[in-house]
Amino acid sequence: MEVLEKGYEPAKVEDKWSSYWISKGYFHADVESSKKTFSIVIPPPNVTGSLHMGHALNNTLQDILARFRRMNGFNVLWMPGTDHAGIATQNVVERHLAQKGLNRHTLGREKFIEEVWQWRREFGGIIIGQLEKLGASCDWSRERFTMDEELSRAVREVFVGLYHKDLIYRGDYIINWCPRCQTALSDLEVDYEETEGYLYYLIYPLSRGKKSVVVATTRPETMLGDTAVAVNPNDDRYKGLIGKTVVLPIMEREIPIIEDEYVDKSFGTGAVKVTPAHDVNDFEMGLRHDLKFIKIMDEKGRMDENAGPYKNLDRFKCRKDIIEEFQKEGTLKKKERYSYNVGHCYRCKTIIEPTLSKQWFIKIKPLAEPAIDAVKSGKIRIIPESWEKTYFEWMNNIKDWCISRQIWWGHRIPAWQCDECGEITVSVENPTQCSACQNTNIRQDTDVLDTWFSSALWPFSTMGWPQKTKELELFYPTSVLVTGFDILFFWVARMIMMGLEFMGDVPFQDVYIHALVRDMEGQKMSKSKGNVINPLVIIDKYGADAFRFTLAALAAQGRDVKLSEERISGYRNFANKIWNASRFLLMNMEGYDEKVLERDKIKYTLCDRWIISRLNKMIDQIREALENYKFNEGAHLLYQFIWHEFCDWYVELVKPHLYQVKDVELRSTTQCVLLEVLGTILCLLHPFMPFITEEIWSKLPNTKDSITVHQYPESDQRLIDEEVEAEMGLIMDIIGNIRNIRGEMNVPPSKLIESFLYCEDEKLCERLEGNGDYIKNLAMVKTLSVSSQKKRYKSAATAVVNGVEIFLPLKGIIDFYEEEKRLEKERNKIDKKLELINKKLSNEDFLRKAPPDIVEKQRGESIQLIEKKRKLGKGITRMKELQNDG
RNA sequence: GGGCGGAUAGCUCAGUUGGGAGAGCACCGGCCUUACAAGCCGGGGGUCACAGGUUCAAGCCCUGUUCCGCCUACCA
């Protein structure tokens, strides 16, 4: 029999198993299989990404589900892959090029894209290997990339499909522009940050007369593009001015004063400067009032020729200069400190500039409606349910989705404009001529699609759509999507819309939304805060299993995960505990031969029956937890059972059985139960801790295949035995009470003492007598006498448990005064409980209205407590007497 | 402005047909007991944020208050 090394060293075994599982093809989803299916698509990490805590949590949970289902006989497909992450990747590669003194503009588009591919081949996708390290049981043979040819084909099909349904349009709209990335961003890609700044009050003189209007603004440079001043129609202050004009300072342009409900009378001066080409609201006012749209900045955020004297100035320098100019002219009425939200590019943090621009949009309402229904009807279940409300809130107020990006890395928009007639041709295959006039001078749109456009197709594009593949037939819709709430709108909602539109069915049945991983203080982990814990470092230090288990144990639904290293080391200890229990077991397997024992003839001891009963209860509870995404419950159940029931009690209880060389049958039975229980534990634990369970499993004498493909334990209700649990429970209580007395009385463990049990029930006496060895061994007592005849014990410490009185003669050791205090403390506790129960029992309403079983329970408890109190009282009296005697 | 979540032991948090207040860590005391000191045994510690209400019974359901997070929004 192989004996385990002392102490578990994860680093020695993890890689071995990772490659073993893959080489055996255990994670491969077979389309020819007739088994029921379970499928998950991974939220594809950015190809530039490296494993962070969010990934670790996300993929640990997915892996637990995948392994759980696989062991339950499902044909599991966990589809892995990466996302091309347009802006992020382009930025990374640009930085990379900059080190070589290159930039994309000098390279040109084609060369640059080749560089990105090159970069991807060299450095991209390292996260895949990191996921393997974590133990993720993805079907790696199916790894996909959003820019793969097949997936790009799907993107084009979808674009063309939507275009022909008039759900994609192109137009001039105000969009969020990042002057650094030089691209449009969707509303979701803008991060707003509260920023300290100033609110400037600018004086605009009326064209006629000496009066003027004062407008308040945080972005004075935009005044160069003002084409109106707006006031609220109900604002008496400005009643007479509507329809008149002011002269825009610097530009010397006459612009109208208009009325619009949008204007808030109470803010600033109640008069708003209107810059339709550089502000979302002003844009809409511009449309309503048919104003001019004057762009004053270029794509780099510099002032352009429409900015008059400020041409070529950076927008922030211009702001400064404009203010100086107003100051000089005496037309800056005042400035006041003001904090307001400023939008930043989510990728590079540059302040975004709302700009008028020609972009592609998806008309989203028609797609959103069925997506709302899918959740409303329960076709898709969002877990925890509380997120449904957030989903509906957003979906009901959804705005058209700007899908074009002015970058190079991504899916280029499959639209060609004719030089001749200007018509647009949209096509899956590259066209050679204009669809309207057949001219061959056509040029493809230079924009690429928002990365989330291709992500939205992920659940079916990865399975071969638009072809009708077996994968789609078998695995779509997927069983569950596991993701963080931060991409609920970016990704989840859009997948639902696209899935319904193109597959005619939802992309997944369940959406499990987990929380964010934060640091101990509850702060989001970020490089700038320096509070990042690197999962790879953690895996090296504590092992992937301990790490995974920690994440699962902390992943309570709807609550953030606050991660600390202490916690991880705690679960590392747990892994070690399992290791050592297994080590102990293997050290005592000598002579084990399962053939010696015939299943149905095995004579189990009480503690065997007890652990088997407990185990079978546990199996049901863990199954239920995992089926309901209660990862933390599952983890805690396992922890509790393995450590505090199996190790602390069962293994300790049976040690003497193993040392029995004479009673071969007893020894063999124990070996058998130990192996059975440990094996089951390992299976139950495997989805959480795949490596250590596989390692130990491989060393057990009664196992053949990999645990990865072993059947997940199922409970046998016939083995759950309440009577056995009660009886063992009583013995454990007795042991606990004796240990407690020893502890309180400072009796060293090495000191063996005598013990006496008294109880009136003769049958119980017999049973206790029969199981006396348990008490002797675990409570460190040398003699145990059980009797239904009450004797008088001098100088004995006492305890009462479930009608059984315990007497420990501790002559010379016991301090009567201390013992009296100990008993009194005990009695006080009982008094408190009794008080509460009596209050209930003396309440007639309670007796009349509460369910009978509850009342009965309380009565029973009351009787027990009274009896215990009486016995403790006697003990106290005795101690008092002894003190007087002494 | 709107929405969501949280407040339970020193710390981090579990706790759903409403009936037992719990875990891990930390702390205190005792142990190298032949699997494990990354361990074993024992112990102390809580007005379940506050105020009301429903109920025989509330950490849990309802109302309000305070404080803290997060999401979202078009007050320049």
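Sequence lines set the chain letters: A, B, ... in the order given, protein chains first and strands last, and positions in each chain run from 1. Just so it is clear, the values below take in all heavy atoms, side chains as well, and ignore hydrogens, waters and symmetry mates.
Closest contact between the side chain of A:Trp643 and the listed nucleotides B:A76, B:G39, B:A35 involves B:G39. Set against B:A14, B:C74, B:A35, the side chain of A:Asn632 has B:A14 as its closest nucleotide. The A:Phe584 side chain lies nearest to B:A35 when the options are B:U33, B:A35, B:G43. Candidate nucleotides B:G24, B:G44, B:A37 were compared by shortest atom distance to the side chain of A:Lys829, and B:G44 ranks first. Nearest nucleotide to the A:Phe846 side chain, out of B:G24, B:C36, B:G19: B:G19. Distance from the side chain of A:Lys655 is smallest to B:A35 among B:A35, B:G19, B:C36. When distances run from any side-chain atom of A:Pro749 to the nucleotides B:A76, B:G24, B:U33, the shortest one goes to B:U33. For A:Tyr639, the side-chain atoms get nearest to B:G24 when compared with the rest of B:G24, B:A35, B:A37. Proximity note for A:Asp648 (side chain, C-beta onward) versus B:G19, B:G3, B:C41: the nearest is B:C41. Here B:G30 is the nucleotide among B:C74, B:G30, B:A35 with the atom lying nearest to any side-chain atom of A:Asn746.
B:A21 and B:C27: their P atoms are spaced 29 Å apart (whole Å). B:C25 sits 36 Å from B:C67 when the P atoms are compared, rounded to a whole Å. When the P atom is compared between B:A51 and B:A58, the two are found 15 Å apart, to the nearest whole Å. When the C1' atom is compared between B:G22 and B:U8, the two are found 10 Å apart, to the nearest whole Å. Comparing the P positions of B:A26 and B:C41 gives an interatomic distance of 16 Å, to the nearest angstrom. Separation of the C1' atoms belonging to B:G59 and B:G18 is 10 Å when rounded to the nearest angstrom. Going from the C1' atom of B:A14 to that of B:G46 covers 15 Å, rounded to whole Å. For the C1' atom pair drawn from B:C13 and B:C74, the interatomic distance equals 40 Å after rounding to whole Å.
Nucleic acid contact class of A:Gly343 (heavy atoms, under 4.0 Å, all strands): none. Within the nucleic acid shown, A:Arg739 comes within 4.0 Å of sugar-phosphate atoms alone, with no base atom in reach, counting heavy atoms only. Using a 4.0 Å heavy-atom cutoff across all strands shown, A:Val280 reaches no nucleic acid atom at all. Using a 4.0 Å heavy-atom criterion, one finds that A:Val747 contacts no nucleic acid atom at all. Among the heavy atoms of the strands lying under 4.0 Å from A:Arg567 is at least one base atom, whether or not backbone atoms are also near. Among the protein residues, A:Pro851 comes within range of the nucleic acid bases, having at least one heavy atom under 4.0 Å from a base atom. Among the protein residues, A:Tyr262 comes within range of the nucleic acid bases, having at least one heavy atom under 4.0 Å from a base atom. Residue contacts shown for A:Glu652 include a base, since a base heavy atom lies under 4.0 Å away. At a threshold of 4.0 angstrom between heavy atoms, the contacts of A:Val263 include nucleobase atoms, whether or not backbone atoms are also involved. As judged by a 4.0 angstrom heavy-atom cut-off over every strand, A:Lys389 is placed among residues touching the sugar-phosphate backbone only. If you check every strand for non-hydrogen atoms under 4.0 Å, A:Tyr338 touches sugar and phosphate atoms only. Within 4.0 Å (heavy atoms only), A:Tyr659 reaches sugar-phosphate atoms of the nucleic acid but no base atom.
Judged purely by distance below 3.5 Å, without hydrogens or angles, the side chains of A:Asp226 and A:Tyr204 pair a donor atom with an acceptor atom. In this structure, a donor-acceptor pair under 3.5 Å is present between the side chains of A:Lys273 and A:Thr275. A donor-acceptor contact closer than 3.5 angstrom is absent between the side chains of A:Ser569 and A:Lys541. Remark: the A:Tyr262 side chain and the A:Glu284 side chain contain no N/O donor-acceptor pair separated by less than 3.5 Å. Using a 3.5 Å distance cut-off with no hydrogens or angles, the side chains of A:Asn232 and A:Asp260 do not pair a donor with an acceptor.
Between A:Asn341 and A:Gly7, it is A:Gly7 whose nearest contact on RNA chain B lies nearer the 5' terminus.
Stacking of A:Lys577 on the aromatic ring of A:Tyr8 is not recorded, the 6.0 Å distance cut-off and the 45° axial limit not both being met. Under the 6.0 Å distance and 45° angle rule, A:Lys335 counts as a cation-pi partner of A:Tyr198.
Consecutive pairing runs in RNA chain B reach the stem threshold at B:1-7 with B:66-72, B:10-13 with B:22-25, B:27-31 with B:39-43, B:49-53 with B:61-65, where a stem means at least three Watson-Crick or G-U wobble pairs with distances under 3.5 Å.
The distance from the CD1 atom of A:Ile578 to the CG atom of A:Asn573 is 11.0 Å, given to the nearest 0.5 Å.
Taking the six-membered ring where tryptophan is involved, the planes of A:Tyr512 and A:Phe631 are perpendicular, since the angle between them exceeds 60° and thus also 30°. Note on ring orientation: taking the six-membered ring where Trp is involved, the planes of A:Phe549 and A:Phe574 are tilted (angle from 30° to 60°).
Contact check, A:Asn740 against B:G43: a side-chain N or O comes under 4.0 Å of OP1 or OP2. When the side-chain nitrogen and oxygen atoms of A:Lys825 are compared with OP1 and OP2 of B:G43, none of them lie within a distance under 4.0 Å. Between A:His644 and B:G24 there is a side-chain N or O to OP1 or OP2 distance below 4.0 Å.
No hydrogens or angles were tested; on distance alone, nothing pairs the side chain of A:Gln858 with the base of B:A57 as donor and acceptor under 3.5 Å.
Distance A:Ile735 CD1 to B:G42 P: 10 Å, rounded to the nearest Å. Taking atom CD1 on A:Ile578 and atom P on B:A38, their separation rounds to 17 Å, with Å as the unit. Here the C1' atom of nucleotide B:U34 and the CG atom of A:Leu658 are 13 Å apart, to the nearest Å.
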